[in-house]
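Remarks on the structure that follows.
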Amino acid sequence: MNSNISKLAGSVGRVIVGKKDTVIKLIAALLCEGHVLLEDVPGVGKTQLITALSRSIGGKFNRIQLTPDVMPSDIAGFTMLDSSRGDFVYRDGAVMCNFLLADEINRASPKVQSALLEAMEERQISLDGVTHKLPRPFLVMATQNPVETYGTFHLPEAQMDRFFMKLSMGYPSLDEEFEILGRTEDHNPIANITEPVMTVDDIAAMQEAVKRVKVTDSVKQYIINIVSSTRQDRNTVLGISPRGSIALFKAAKAYAYIYERDYVTPDDVKNTAVSVLAHRIILSPQGKTTFVTGEAYIENVIRNCPVPAMG
């Protein structure tokens with residue numbers, strides 16, 4: 001594993017017990033300048049995960065608890081009259097940071113969801129004819145509860161497609177939970193991270209390095225074959241869009257970089273495909289009966305897609 005990535009994952013591991021795969025994929029999304037939707041039940045460490053990542057890098061961290069009464073200005077900020085200057089000034093919203101935890105995004109109104117997702121896509125906000133650039137890097141980790149739907153606003157598929165990855169932490173194992181109890185006995189585990197292990201400039205440099213990872217034509221075709229097979233399938237109503245194939249292409253490059261390769265292998269594609277693609281499809285009634293979840297469907301697609309030989 002790349003030494004910088006190992007150092008970063010190790011720092012996050014001082015707070016998060018286990019969940020190495022989730023941590024590595026979150027870092028991969030960061031290296032691709034993508035955003036993450038974390039769907040999981042309350043209390044498994046979603047807030048701790050993004051807080052640990054931000055503390056490990058030394059970036060600015062904001063958290064907003066989304067509810068139906070949150071306004072778009074809470075997200076994007078607003079302009080107000082400064083009487084001392086006799087001019088309008090911009091007041092920061094929640095998105096003016098490097099790491100934003102948007103807790104329970106599906107409880108926000110569609111207007112607020114749109115304000116957040118616009119900032120995620122454009123990495124800027126425009127108010128009263130003035131454009132305000134967001135800091136780099138900029139990572140949004142939005143969460144939603146998969147079991148409680150009362151009082152929520154469903155995220156439209158077009159907005160789901162904006163998330164680079166959808167991850168889940170899941171419950172800890174018995175041994176992991178035993179260690180969690182020990183870590184939380186005297187203090188909040190976040191206190192274990194006393195100083196950042198890298199800077200936002202280090203992240204920017206790694207993001208540029210990921211772009212230089214090579215992908216052969218055969219691996220590109222492999223990605224296209226996976227994606228296109230979802231578009232003409234009786235098991236789906238909505239297949240993967242070109243945005244999905246681009247995301248899988250980038251994620252595979254990030255995975256190769258993380259494991260110290262300057263080229264992508266089919267295994268890099270396989271290891272990231274479910275997290276990148278599963279939330280971008282809509283299963284047909286037949287597909288729901290056969291596979292139940294998008295994750296199971298994508299796993300089946302990968303099993304049945306011929307793997308190119310690496311020469």
Side-chain angles (χ1 to χ4, degrees), residues 1-38 45-65 74-77 90-103 116 119-120 122-125 132-143 163-165 167 169 180 183-184 186-212 250-251 253-255 257-260:
M1 182 182 289
N2 179 283
S3 59
N4 284 332
I5 301 298
S6 180
K7 189 161 52 173
L8 181 55
S11 178
V12 174
R14 294 176 192 165
V15 177
I16 303 298
V17 178
K19 310 306 177 191
K20 180 181 177 182
D21 184 61
T22 301
V23 171
I24 292 299
K25 286 180 177 175
L26 179 62
I27 294 172
L30 175 62
L31 296 182
C32 297
E33 301 182 72
H35 306 288
V36 173
L37 178 64
L38 195 56
K46 300 186 291 293
T47 304
Q48 296 282 68
L49 175 60
I50 190 69
T51 306
L53 182 67
S54 65
R55 281 208 179 191
S56 299
I57 296 170
K60 182 181 179 183
F61 169 67
N62 282 343
R63 176 179 186 261
I64 184 166
Q65 185 70 43
D74 296 322
I75 298 291
Y90 169 70
R91 301 299 183 193
D92 289 353
V95 294
M96 278 296 171
C97 62
N98 298 112
F99 303 94
L100 175 64
L101 174 63
D103 221 354
L116 176 60
M120 290 164 55
E122 304 297 332
R123 285 177 167 74
Q124 64 182 35
I125 52 175
H132 305 274
K133 294 285 186 181
L134 298 183
R136 306 292 286 267
F138 175 59
L139 171 70
V140 173
M141 190 174 84
T143 70
F163 284 99
F164 188 80
M165 283 187 185
L167 301 175
M169 295 185 72
I180 289 170
R183 287 193 185 188
T184 56
D186 298 322
H187 60 271
N188 188 324
I190 287 294
N192 293 337
I193 302 178
T194 55
E195 60 182 23
V197 296
M198 61 183 57
T199 67
V200 291
D201 290 336
D202 295 328
I203 297 297
M206 289 194 288
Q207 288 174 340
E208 291 302 314
V210 166
K211 294 175 183 177
R212 296 193 291 269
K250 290 180 177 179
K253 292 175 73 171
Y255 232 66
Y257 175 81
I258 286 170
Y259 290 101
E260 293 197 298

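When reading the values below, keep in mind they use all heavy atoms of this one structure, side chains included, and skip hydrogens, waters and symmetry mates. In this text the structure is predicted, and so the values were computed from the model without any measurement. All residue numbers refer to positions in the sequence shown, counting from 1.
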To the closest 0.5 Å, what do you measure between [atom1] ([X]) and [atom2] ([Y])?
X	Y	atom1	atom2	result
L49	L38	CG	CG	6.5 Å
M165	L37	CE	CG	12.5 Å
N192	R55	CG	CZ	10.0 Å
I5	Y259	CD1	OH	10.0 Å
I24	L8	CD1	CG	8.0 Å
L101	T51	CG	OG1	6.5 Å

**OP:** Quick one: list whatever passes salt bridge (charged side-chain N to carboxylate O under 4.0 Å, His left out) with D103, sequence neighbours left out.
**Re:**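 Partners of D103 by the salt bridge (charged side-chain N to carboxylate O under 4.0 Å, His left out) criterion, ordered by chain and then number, come out as R63.
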**Prompt:** Under 4.5 Å between any side-chain heavy atoms of M169 and I16, yes or no?
**Reply:** yes
- Is any side-chain heavy atom of Y257 less than 4.5 Å from a side-chain heavy atom of M206?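 Touching, per the 4.5 Å side-chain cut-off.
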Side-chain polar contacts of residues 26-36 - donor-acceptor pairs under 3.5 angstrom, sequence neighbours left out - could you list them?
residue, atom, partner, partner atom, Å
E33, OE1, R136, NE, 3.4
E33, OE1, R136, NH2, 2.1
H35, ND1, V140, N, 3.0
H35, NE2, M120, O, 3.1
H35, NE2, R123, NH2, 3.4

Salt bridge (charged side-chain N to carboxylate O under 4.0 Å, His left out) pairs, two or more places apart, involving [range]:
range	value
residues 200-209	E208-K211
residues 15-31	D21-K25
residues 3-16	none

Quick one: side-chain hydrogen bond (donor to acceptor under 3.5 Å, both in side chains) partners of [X], sequence neighbours excluded?
X	result
N188	Q48
E260	none
S11	S56
R91	none

Please list, chain by chain and in numerical order, all residues satisfying side-chain contact (heavy atoms from CB on, under 4.5 Å) with [X], sequence neighbours excluded.
X	result
A119	V95, I125, L134
A191	H187
P196	none

For residues [X] and [Y], report the shortest heavy-atom separation together with the two atoms involved.
X	Y	result
G59	F99	CA-CE1, 4.0 Å
V15	P189	CG2-O, 3.4 Å
F61	S54	CB-OG, 3.4 Å

Just do the side-chain contact (heavy atoms from CB on, under 4.5 Å) check on L100 and N62 with the steps written out, would you?
CA-CA 5 Å; L100 175 64; N62 282 343; 3.9 Å; yes
| message | Checking the side chain of N98 only, and the main-chain atoms of K60 only, is there a donor and an acceptor separated by less than 3.5 Å? | response | yes
Legend entry - Over 12 non-hydrogen atoms of neighbours within 6.0 angstrom of NZ in K46: yes
